[in-house]
Amino acid sequence: MKKRNNGVIVAAFGLALTFSVTGCSIFKPNSGSEGSGKGLRGWFETEKSDVSKDAKNTEKVIVKGEKDIRSEADKAMSKVDVKLQNDTESKAQGELSGDWAIQVVLGKKAVGEIPPFIKFSPGERRIYGNNGCNIINGFYTSDSANKTISFRSLATTMRLCAEDNITEAEIGEALGLTVKYSIEQGNDNESILRFYDAGGKEVMELMHRDFHFLDGTWAVAAIDGENVNINGMKVALDVEEKRLHGNTGCNIINGELETDMDAANSISFSKIGMTRMACPDSGWETRMMMALEEAVTAKKVSSNEIEFIGSNGKQVMLLKKTSPIEE
């Protein structure tokens, strides 16, 4: 039994040797290849070189992908800054510009499925908004010296309202009656706009809800009261488009921004998506995402600083404008 086993081993060894001598070995590189003439060792070195080249090519593709993502994010942030400059110039054209929450209409508290509001766009001489159920838009003419104003070509969508007793019809009627306006400061230093009919009767009261102080690109300066020193950690906010763009210092984020016309400076962020690049785990990225989710109020600290406040009334994030716009 032992002799027969040895014979099989010898025969197998001889067969393998024959393959090697006849040049049929699968390990032999092609003629002229990098490993030619080096036998089995040459094949392994050649394969190692090929794998290294593939890895480098893959790395180049990944790096290019990251650069493309960052480039798109930078473009989005730059677009916000350009838009902010245009909006700032537009606001200088009229005292009515911005968003106004409709509080009272024809002597009734304004009620809607969503808080009714009007937005004035002085550059276009147009208004946009919502009557509590349907979208409204049209044109207006005003004279700040004589405090006269009139609306024309008003149009609304025709969606059926789910709730009863909303003041949708009253808002349309009041805008049609308006011929004059006044602006005064309220108790909380909020601007109050009033519309009057031809007989001097007040037909609508609106309160300024100016969330546009949020517009721009902001560097994250502090989270939960602790200073942040992460290069490139920033957010770009666009109130009109209701968009958030940003960078955690490594990953790109995008999401939605919501404001509440019924509450001053109310803000929330949702549907925040983030790239998944390999990043050093400093913990700041997670803290930044949590702070955005916890924010319920935004306040203007100074011309170049804003803060987000959580539901507990404490600051969750402090931001500083990276490209201040002169006001």
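Side chains are part of it too, since the values below use all heavy atoms of this structure and drop only hydrogens, waters and symmetry mates. Being a predicted model, the structure only gives us computed values, none of them experimental.
- The hydrophobic cluster containing Val301 also includes Leu318, under a criterion of side-chain heavy atoms closer than 4.5 Å among ILVMFWY residues, counted directly or through chains of members.
- Here ring pair (Phe, Tyr, Trp, His ring centres under 6.0 Å) pairs that include residues 128-147, with residues two or more places apart or in two chains, are Phe120-Tyr140.
- Hydrophobic clustering, defined by side-chain heavy atoms of Ile, Leu, Val, Met, Phe, Trp and Tyr closer than 4.5 Å, leaves Ile114 isolated from every other such residue.
- We find that Lys147 and Glu95 are joined by a salt bridge, their nearest charged nitrogen and carboxylate oxygen being less than 4.0 Å apart.
- Rounding to the nearest 0.5 Å places CG of Leu177 at 13.0 Å from CD of Glu202.
- Under the salt bridge (Lys or Arg N to Asp or Glu O under 4.0 Å) criterion, Glu293 pairs with no residue, sequence neighbours left out.
- For Glu163, the salt bridge (Lys or Arg N to Asp or Glu O under 4.0 Å) test picks out no residue, with sequence neighbours left out.
- Using a 4.5 Å cut-off between side-chain heavy atoms of Ile, Leu, Val, Met, Phe, Trp and Tyr, Val111 falls into a hydrophobic cluster with Ile166.
- Scored by the salt bridge (Lys or Arg N to Asp or Glu O under 4.0 Å) test, Arg152 finds no partners at all (sequence neighbours excluded).
- Every residue two or more places apart in sequence or in another chain that forms a ring-ring contact (aromatic ring centres under 6.0 Å, His included) with Phe151 is listed here: Phe195.
- Sorted by first and then second residue, the ring pair (Phe, Tyr, Trp, His ring centres under 6.0 Å) pairs involving residues 154-178 (not counting sequence neighbours) form an empty list.
- The closest donor-acceptor contact from the side chain of Thr248 to the backbone of Glu285 lies at 3.5 Å or more, if one exists at all.
- Atom CE of Met290 has 12 or fewer heavy atoms from other residues, nucleotides or ligands within 6.0 Å.
- Lys320 is linked by a side-chain hydrogen bond (donor to acceptor under 3.5 Å, both in side chains) to nothing, counting only residues two or more places apart in sequence or in another chain.
- Applying the side-chain hydrogen bond (donor to acceptor under 3.5 Å, both in side chains) test to Lys180 and every residue at least two apart in sequence or in another chain returns nothing.
- Within the structure, ring pair (Phe, Tyr, Trp, His ring centres under 6.0 Å) pairs that include any residue of residues 277-309 comprise Phe269-Phe308 (at least two apart or interchain).
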